[in-house]
Amino acid sequence: MENIREQLSRLVGEALNKASGIADCDPNVITASRPEFGDYQVDGVMAAAGRCGRKPRELAEAAIAGMSDEDSLVASVEVAGPGFINIRLNDQALMARGNEVLRDPQSLIPADSRVQKIVVDQSSPNLAKEMHVGHLRGTVIGDCLSRVLERLGHEVIRQNHVGDWGTQFGMLIAYMRELDREFNKSASLLQTELEDLETFYRAAKDKFDSDPAFADRARLSVVRLQGGDPEYLEAWQSFIDESLRHCQEIYRRLDVGLTLADLDAESRYNDDLEGIIRELDEKGLLQESDGARCVFLPEFKGKDGEPLPVIVQKSDGGYLYSTTDLAAVKMRSFDFEADRSLYVVDARQSLHFRQVFAVAQAADMASANISLEHIAYGTIMGSDGRPYKTRSGDSVKLADLLDEAVARALELVSEKNPDLAEDERRLIAENIGIASVKYADLSKNRMSDYVFDWSTMLSFEGNTAPYLLYACTRIKSLLRKRPQESPTEELTSLEHAEERALLLKILQLPEVVSLVARECYPNLLCNYLFELAGVFMRFYEACPVLKAEPQTRDSRLALALLAEQALEQGLDLLGIQTLERM
RNA sequence: GCGCCCGUAGCUCAACCGGAUAGAGCAUCGGCCUUCUAAGCCGAGGGUUGCAGGUUCAAGUCCUGCCGGGCGCGCCA
């Protein structure tokens with residue numbers, strides 16, 4: 001089923017095409033900016049009038065006269081201002097849509113008419129270290145976008161492009177050998193050393209920076225590793241396995257859908273890199289500069305207007321991030337045959353991606369119709385305006401961050417609802433704590449930096465996860481008290497403005513979801529859900545449900561059921577699960 | 001120096017790819033619980049959208065130039 005906006009766009013668009021004589025008018029239908037303008041407004045008439053040289057209001061009248069409305073969706077239309085068309089929808093049509101959703105909740109968000117194959121590159125931690133705050137956004141935003149696209153019926157290929165290769169692993173292996181000169185340490189002892197990967201990494205790094213002889217051994221280790229020495233490969237694998245266990249534990253806690261099957265590790269491309277260089281050379285794109293092999297493209301200029309290189313092979317023969325990414329573009333284009341490839345990666349890498357995409361296109365490593373999109377996000381800042389760090393200046397481990405969120409949530413739940421059993425409070429706190437962190441992130445415009453602030457995200461007021469979860473528990477509590485004899489609820493009336501406003505808002509969920517799928521801004525969905533929760537709260541305050549006359553009561557229960565569906569399905573797309581009580 | 005992003009209420013953020021009178025939340029002040037969870041609802045104050053031009057019926061949104069901030073720019077990822 002088309003959503004309301006799509007249907008109106010089609011109806012008005014066709015009428016506008018006919019009236020203007022222009023085949024491809026954009027009616028530009030949006031939800032009304034003010035209640036007195038009705039439910040939806042048409043903003044595209046003025047532009048169309050400009051194109052065909054007619055007076056906007058006159059064209060608007062002509063379009064209205066020629067509008068067909070097979071489903072009687074529209075109750076009234078009027079021309080307003082310089083040439084807007086204000087549309088008010090028919091209550092019966094709204095209720096019919098609502099009742100359809102009651103019969104089939106999944107129909108609230110229908111599948112896209114055009115199914116695509118979409119790669120979503122997400123999370124992508126460096127396996128040499130533990131996951132830290134820097135990985136939160138790419139993990140959570142990537143998961144949300146994957147859920148949204150999957151829900152619309154697209155074939156989503158999640159790719160976790162973990163860093164599992166390169167110089168730091170030489171360093172780790174060399175340091176492990178310091179602790180256990182010939183790899184003789186028992187497996188369990190090694191295990192304990194690796195459990196705190198972060199500490200291990202820092203110790204190795206310190207030694208690397210302070211001890212030149214060790215640094216040489218580290219570099220040598222990289223050579224042995226890349227040369228395929230079985231002993232070194234085994235040591236490397238032990239790091240990778242341990243690190244992946246850490247990641248999976250974080251993903252499980254975050255309720256993020258990434259699994260080992262989604263791994264797209266850098267090392268996957270080891271055997272392809274030589275071929276990438278050869279291919280660039282055959283295309284005449286390769287140049288040598290100071291011993292490194294580079295691609296120079298005219299659209300990229302560096303200092304003083306000099307050409308800016310994309311280095312694809314170091315002077316020592318080693319390959320780089322760019323080379324691996326080119327190989328990945330190729331695989332996504334021609335093996336996966338993806339329609340879109342989304343890279344949910346820090347905004348600081350935008351130049352890198354512009355270059356990689358441009359080189360891939362110049363070298364025909366990207367198929368002609370794949371859409372390569374860098375879904376960039378900003379940095380999480382501390383209250384000092386610097387990137388979020390611990391007081392001592394270290395990066396904050398994601399595991400610690402989640403622990404603290406849950407601890408703070410437990411404190412608040414215990415304070416607000418001391419009667420609940422401790423077990424239940426703990427479960428609720430786990431849910432709320434994690435949800436708060438995720439929601440605080442998803443609800444911000446992904447492009448901008450934001451300040452990480454416990455008190456606002458867990459304040460349980462305003463545009464936060466707790467507010468939304470609370471709205472859900474109110475609905476669920478209401479539904480639990482439904483009279484036993486109540487038949488299958490159905491919408492039968494919309495007497496109060498609050499009822500109508502709630503139903504309309506619920507039916508707009510699919511419009512927002514398709515917008516998020518296109519633009520990749522999860523905060524649009526958060527804004528919508530916050531508004532939806534607000535509309536529900538107002539309905540809840542204004543319209544008694546259980547005490548109303550049976551017919552009104554059942555109609556309002558139907559509305560509550562729909563609100564529950566919209567909130568639950570919307571939150572699920574954010575990766576947040578609802579609670580029965582809190 | 002060049003490039004990308006950003007500048008909106010005291011604070012944190014919106015504004016559906018140019019639309020009508022720029023919206024929320026926090027904070028402040030004032031109302032609403034013998035009635036479905038008050039983690040809530042209602043109301044008030046608070047703005048020259050960094051500055052100056054330009055494009056047009058219409059600009060927070062697009063263009064140009066300044067001011068201020070963040071990030072990036074040849075062998076890390």
Side-chain angles (χ1 to χ4, degrees), chain A residues 5 28 30-34 36-37 41 43-44 46-47 49-50 56 80-84 86 124 126 128 161 163 165-168 266 289-294 300-306 308-316 318 320-322 324-325 346-352 354 376 378-379 381 385 412-413 415-417 432 443-445 447-451 453 455-456 459-464 466-467 469-471 473-482 511-512 515 518-519 521 523-524 526-528 530-531 534 537-538 540-542 544-548 556 560 581-582:
Chain A
R5 187 176 170 181
N28 197 4
I30 64 171
T31 51
S33 55
R34 303 166 60 78
E36 55 275 31
F37 299 154
Q41 62 186 58
D43 290 351
M46 280 86 79
F84 297 100
N86 292 338
S124 307
N126 178 351
H161 199 70
W165 202 244
T167 48
Q168 27 353 4
E266 282 181 299
S289 174
D290 295 334
R293 311 180 91 176
C294 312
F300 297 102
K301 298 260 192 284
K303 300 180 173 85
D304 308 321
E306 285 169 21
L308 190 67
V310 179
I311 302 177
V312 290
Q313 189 170 23
K314 298 191 284 184
S315 50
D316 68 3
L320 293 128
Y321 189 31
S322 310
T324 315
D325 272 341
D346 194 301
R348 284 173 288 199
Q349 293 185 33
S350 77
L351 177 61
H352 166 77
R354 279 172 46 220
T379 307
M381 311 294 262
L412 285 161
V413 173
E415 178 189 317
K416 292 285 181 190
N417 218 337
I432 292 178
S443 61
K444 266 90 185 178
N445 185 312
M447 280 302 290
S448 44
D449 299 343
Y450 76 91
V451 176
D453 181 9
S455 61
T456 52
S459 76
F460 292 53
E461 278 163 358
N463 189 6
T464 62
Y467 177 82
L469 292 172
Y470 178 62
T473 60
R474 275 187 142 181
I475 300 175
K476 285 174 183 297
S477 169
L478 193 58
L479 295 174
R480 275 197 302 272
K481 292 176 180 153
R482 236 186 315 187
E511 301 173 14
V512 179
L515 191 63
R518 198 172 64 239
E519 307 285 340
Y521 282 92
N523 67 301
L524 298 173
C526 295
N527 290 346
Y528 164 84
F530 177 58
E531 285 166 12
M537 292 288 200
R538 260 160 266 153
Y540 184 91
E541 300 276 341
V545 177
L546 299 175
K547 290 175 195 64
R556 286 177 180 170
R581 45 178 68 81
M582 60 188 274

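These numbers come from a predicted model, not from an experiment. In the text below, chain A, chain B and the rest are named by the order of the sequence lines, each starting its count at 1.
- With centroids closer than 5.5 Å and planes inclined by less than 30 degrees as the test, A/Phe37 and the base of B/A20 pass as a stacked pair.
- Checking B/U48 for Watson-Crick or G-U wobble geometry (two distances, each under 3.5 Å) identifies no partner in any strand.
- The side-chain ring of A/Tyr467 is not stacked on the base of B/A39, judged by centre separation under 5.5 angstrom and plane angle under 30 degrees.
- B/G3: Watson-Crick or G-U partner is B/C71, with both key distances under 3.5 Å.
- Base-pair partner of B/U35: not found among the strands shown (Watson-Crick or G-U wobble, both distances under 3.5 Å).
- Among the protein residues, A/Leu524 comes within range of the sugar-phosphate backbone only, with heavy atoms under 4.0 Å from sugar or phosphate atoms but none that close to a base.
- The side chain of A/Ser477 contributes an N or O atom lying less than 4.0 Å from OP1 or OP2 of B/U37.
- Across all strands shown, A/Tyr450 has heavy atoms under 4.0 Å from sugar-phosphate atoms exclusively, and none from any base.
- Under the Watson-Crick or G-U wobble criterion, with both distances below 3.5 Å, B/U12 is paired with B/A24.
- Here B/G74 presents its C1' atom at 12 Å from CG of A/Leu351, a figure rounded to the nearest Å.
- Phosphate proximity of B/U37 to A/Lys481: present, with a side-chain N or O under 4.0 Å from OP1 or OP2.
- Atom name C1', nucleotides B/A52 and B/U48: the rounded distance is 13 Å, in whole Å.
- Contact between the side-chain N/O atoms of A/Arg538 and the OP1/OP2 oxygens of B/C42 is found at a separation under 4.0 Å.
- At a threshold of 4.0 angstrom between heavy atoms, the contacts of A/Met46 include nucleobase atoms, whether or not backbone atoms are also involved.
- Base orientation at B/C33 is syn, since its O4'-C1' glycosidic dihedral falls within 90° of 0.
- Distances shorter than 4.0 Å separate none of the side-chain N or O atoms of A/Asn28 from OP1 or OP2 on B/C16.
- Nucleotide B/C29 forms a pair with B/G43, judged by Watson-Crick or G-U wobble geometry with both contacts under 3.5 Å.
- Nucleotides B/A59 and B/C42, compared at atom C1', are 34 Å apart to the nearest Å.
- Across all strands shown, the partner of B/C57 is B/G19, judged by Watson-Crick or G-U wobble contacts whose two distances both fall under 3.5 Å.
- Within the 4.0 angstrom heavy-atom criterion, base atoms lie near A/Arg581.
- Residue A/Lys314 places at least one side-chain N or O closer than 4.0 Å to OP1 or OP2 of B/C76.
- For B/A14, one of the phosphate oxygens OP1 or OP2 lies less than 4.0 angstrom from a side-chain nitrogen or oxygen of A/Ser448.
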